[in-house]
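Contents: one structure, followed by commentary.
Protein chains get the first letters and strands the later ones, always in sequence-line order, with residue 1 at the start of each. Scope of the values below: all heavy atoms of this structure, side chains included, with no hydrogens, waters or symmetry mates.
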Amino acid sequence: MCSLDKYLKYKKESLMHLNLIKEEKQMALLELKKVKKIYQQGKIEVPALRGIDLTVEPGEFTTIFGPSGSGKTTLLNMIGCLDTPTEGEIRLNDKKVSDLSRKELAMTRRYNIGFVFQSYNLIPVLTAYENVEFAIRLIDHSSELQIKEKVLKMLAEVGLKGLESRRPNELSGGEKQRVAIARALVKEPKLILADEPTANLDSENAAGVVDIMRKMNKELNTTFIFSTHDPMVMKYANRYINLKDGMITADERRG
Amino acid sequence: MFSIKLGLKNLTRQKRRNFITILVIAFAFFIFLFLDSLMEGMTEMSFNNIKNYDTGSIQVAHPEYWEDKDNLPLENLIYLNWDMEESIKNMDGVTGVSPELRFKANLNNGIDEIEVIGLGISIEQYNQVFATKNHVVEGSMFAPGESKAVIGVSLAELMDLKVNDYITLLLRTKEDTFNTIDLEIAGLLYAPNPMINNGIVFVPLEIARQALNVENGISMMAVKIKKEKEINPTIDNINQIFQEKNMNINAYSWKESAKTVMAIRAAEDAETVVMLIIILSIGMIGIINNVILSALERTREIGMMKALGMREWEIVLVFMVEAAGLGIFGGLAGCLLGFAGVWWITEIGYDLSYIGGDMSEWGVPILDKVYGVWNFSSFVFIFFFGIVVALFSSIAPAYWAAHKEPVKAIYHR
């Protein structure tokens with residue numbers, strides 16, 4: 001190939017690469033711009049978030065760490081459409097969340113977001129199977145058989161095969177958290193928010209839970225954002241956000 | 001729908017509290033069914049006692065006599081011939097016609113004297129309309145042509161009289177002069193209508209007519225018909241007969257003579273409404289309390305449901321299904337208890353002996369025992385009423401629960 005051909009080929013590839021980056025930039029899953037949250041406690045204003053700028057790309061496995069009271073949970077609640085910012089803008093899938101009605105926020109959570117909480121928050125009268133089924137029934141109107149397949153498959157993925165008919169009070173802490181993860185994942189959301197998911201677990205169970213989340217992140221390209229103090233969890237993340245006094249003080253990506 | 005499944009599963013939580021709520025609802029329903037049966041039974045017994053022992057289905061009288069009938073006047077009597085009586089008796093649905101002559105009298109046993117109502121009757125015709133002859137406990141009713149009297153057991157006890165004793169009836173004639181009738185007691189009555197037992201003296205019609213000097217006059221005619229629903233058409237027919245003869249005589253439904261009982265019936269209907277309101281309130285309070293407590297206990301769960309993307313109405317539905325479940329179980333239990341209670345009151349009856357066995361003081365002609373009646377429509381009504389009340393009661397507290405802020409709910413301690 002002559003030099004000119006090589007040059008043109010290089011240019012073309014460079015342009016394509018640039019366009020790809022531009023496309024990816026336009027397709028950010030989550031964008032926060034100058035987000036503030038101020039709580040009113042009587043006459044006192046308590047700023048929980050003091051101007052957060054953040055962009056999260058699809059497929060990221062992000063941890064938010066910081067001391068107690070730094071605003072981690074508040075930030076997750078904003079992202080998860082459970083709460084609205086006092087100031088600033090949040091965009092999820094390029095949609096401005098603050099413009100959404102209560103119904104639209106509920107629909108956004110229903111279809112796009114999964115939650116995993118520190119205290120599991122399973123429904124005690126439902127079995128493991130039913131807790132997961134509950135989540136998918138809200139969005140999926142497939143046949144009974146198809147739903148059953150999805151639920152059983154997800155429970156097997158999180159290592160709970162054979163425990164489907166147990167109620168939460170018959171499961172260990174780790175097993176309960178796996179049910180919560182299965183419940184969050186079964187509807188294949190774009191984003192999973194986990195608030196201290198391993199805080200109530202021993203190290204073995206914590207490792208197991210994080211393993212599952214990493215696996216799901218890789219297989220399904222689901223974006224994970226979780227708040228944690230657990231260094232073991234943090235080491236698996238490919239992005240670290242340090243939060244202090246309601247502000248991002250560090251934001252690092254690892255290869 | 002999963003909300004319905006979750007609502008039904010939630011019934012298995014807080015078993016003790018749910019059981020108590022169900023029990024309260026059941027008890028309220030039982031009271032309603034029992035009292036409904038009792039009151040319907042009292043009404044039916046009262047009406048039957050009036051029709052079968054006092055008025056018949058229809059009464060025929062002069063309008064001016066009718067206005068003043070409680071005073072038992074001897075003016076404005078009706079003078080009918082045999083043909084007229086036959087033409088009424090031959091009407092469709094009429095099974096008997098009984099002429100009556102009612103008058104005030106004093107009964108004297110030789111020692112004491114008491115005010116009574118004298119009732120001159122033609123015994124054969126009287127027995128076609130009234131069931132009194134079935135309640136002669138001593139002696140018998142007098143035969144046609146006999147100069148005898150029949151009185152109630154209560155009156156006999158009061159005046160220390162027995163069968164074959166002689167009594168004197170002091171009365172005022174049509175000309176307002178005094179007269180007396182001496183009669184032998186042929187029999188003693190114990191009829192279900194206490195008014196019969198307490199103050200009426202039955203005498204032969206001809207003897208009463210002679211003593212009162214009213215020729216062939218009668219106060220009124222009692223008419224018995226086969227079917228209750230034929231009363232109004234029969235009244236119209238009777239009135240037509242008299243209109244055609246240019247006679248100023250009208251027919252009246254037995255209900256017009258039983259105003260006290262009808263008023264009591266109207267009061268009972270009002271009581272039924274009040275009872276329903278009380279039951280409704282009991283049921284509502286039970287359900288509202290249950291839903292509020294459930295919502296408070298499940299605040300975090302509600303938050304989680306919202307995090308999953310459940311809408312408020314879906315969360316309200318969960319609580320409403322639970323409340324409906326409580327209503328259904330409470331209703332079933334209440335109907336079962338009610339069935340037992342109504343069986344008892346219809347088969348065994350409620351003994352009135354603690355009030356002297358006689359409700360006539362309250363204007364209700366019932367003696368000794370009150371029996372209930374089966375009213376299956378009440379069971380159906382109260383069962384579905386309970387479910388409706390449960391559903392409506394749950395809406396407000398469920399709405400309150402569903403509108404909690406998701407963040408506050410999830411992190412609720």
Check A/Leu243 against A/Ser70 and note the closest heavy-atom contact, atom names and distance. O-CB, 3.4 Å

Using the rule given for side chain to side chain contact (heavy atoms under 4.5 Å, CB included), can you reason through A/Asn217 versus A/Met213, listing the C-alpha separation, both sets of side-chain angles and the distance that settles it, and then say yes or no? CA-CA 6 Å; A/Asn217 169 248; A/Met213 291 200 283; over 6 Å; no

Non-hydrogen atoms of chain A under 4.5 Å away: do they reach the side chain of B/Met310, the backbone, both or neither? both

Salt bridge or not for A/Glu130 and B/Lys9, using N-O below 4.0 Å? yes

Select all residues of residues 378-398 of chain B having any heavy atom within less than 4.5 Å of some heavy atom of chain A, and report them by number, or 'none'. none

Under 3.5 Å donor-acceptor pairs involving side-chain atoms of residues 149-159 of chain A, not counting sequence neighbours:
{"from": "A/Lys150", "atom 1": "NZ", "to": "A/Asp140", "atom 2": "OD2", "distance (Å)": "2.4"}
{"from": "A/Glu157", "atom 1": "OE1", "to": "A/Lys215", "atom 2": "NZ", "distance (Å)": "3.0"}

So, taking the atom named CD1 in A/Ile113 and the one named CD1 in A/Ile79, what distance separates them when rounded to the nearest 0.5 Å? 9.0 Å

Taking atom CD1 of B/Ile345 and atom CG of B/Leu38, what is their separation to the nearest 0.5 Å? 5.0 Å

Would you indicate whether the side-chain heavy atoms of B/Gln14 and B/Leu293 approach each other to under 4.5 Å? no

Take a 6.0 Å sphere around CH2 of B/Trp343 and say whether it holds more than 12 heavy atoms from other residues, nucleotides or ligands. no

For the CD atom of A/Gln177 and the CZ atom of A/Arg183, what is their distance to the nearest 0.5 Å? 9.0 Å

Tell me which of these, A/Phe134, A/Tyr111, A/Phe115, has more heavy-atom pairs under 4.5 Å with chain B than the rest. A/Phe134

When only heavy atoms count and the cut-off is under 4.5 Å, which of residues 311-330 of chain B reach chain A? B/Arg311, B/Glu312, B/Glu314

Only residue of B/Lys404, B/Arg13, B/Lys306 satisfying salt bridge (charged side-chain N to carboxylate O under 4.0 Å, His left out) with B/Glu301 is B/Arg13

Checked A/Gly114, A/Ser119, A/Ala135, A/Gly80 vs chain B; the most non-hydrogen pairs under 4.5 Å come from A/Ser119

Can you name the closest pair of heavy atoms from A/Lys72 and A/Gly66 and give their distance? NZ-O, 3.1 Å

Using the test side-chain contact (heavy atoms from CB on, under 4.5 Å), find all partners of A/Glu144 that sit at least two apart in sequence or belong to another chain. A/Glu133, A/Arg137

Which portion of A/Asn121 sits near chain B, non-hydrogen atoms under 4.5 angstrom: both

So, the part of A/Asp195 with a heavy atom under 4.5 Å from chain B: the answer is side chain

Residue part contacting chain B, namely of A/Leu138, when any heavy atom lies under 4.5 Å: side chain

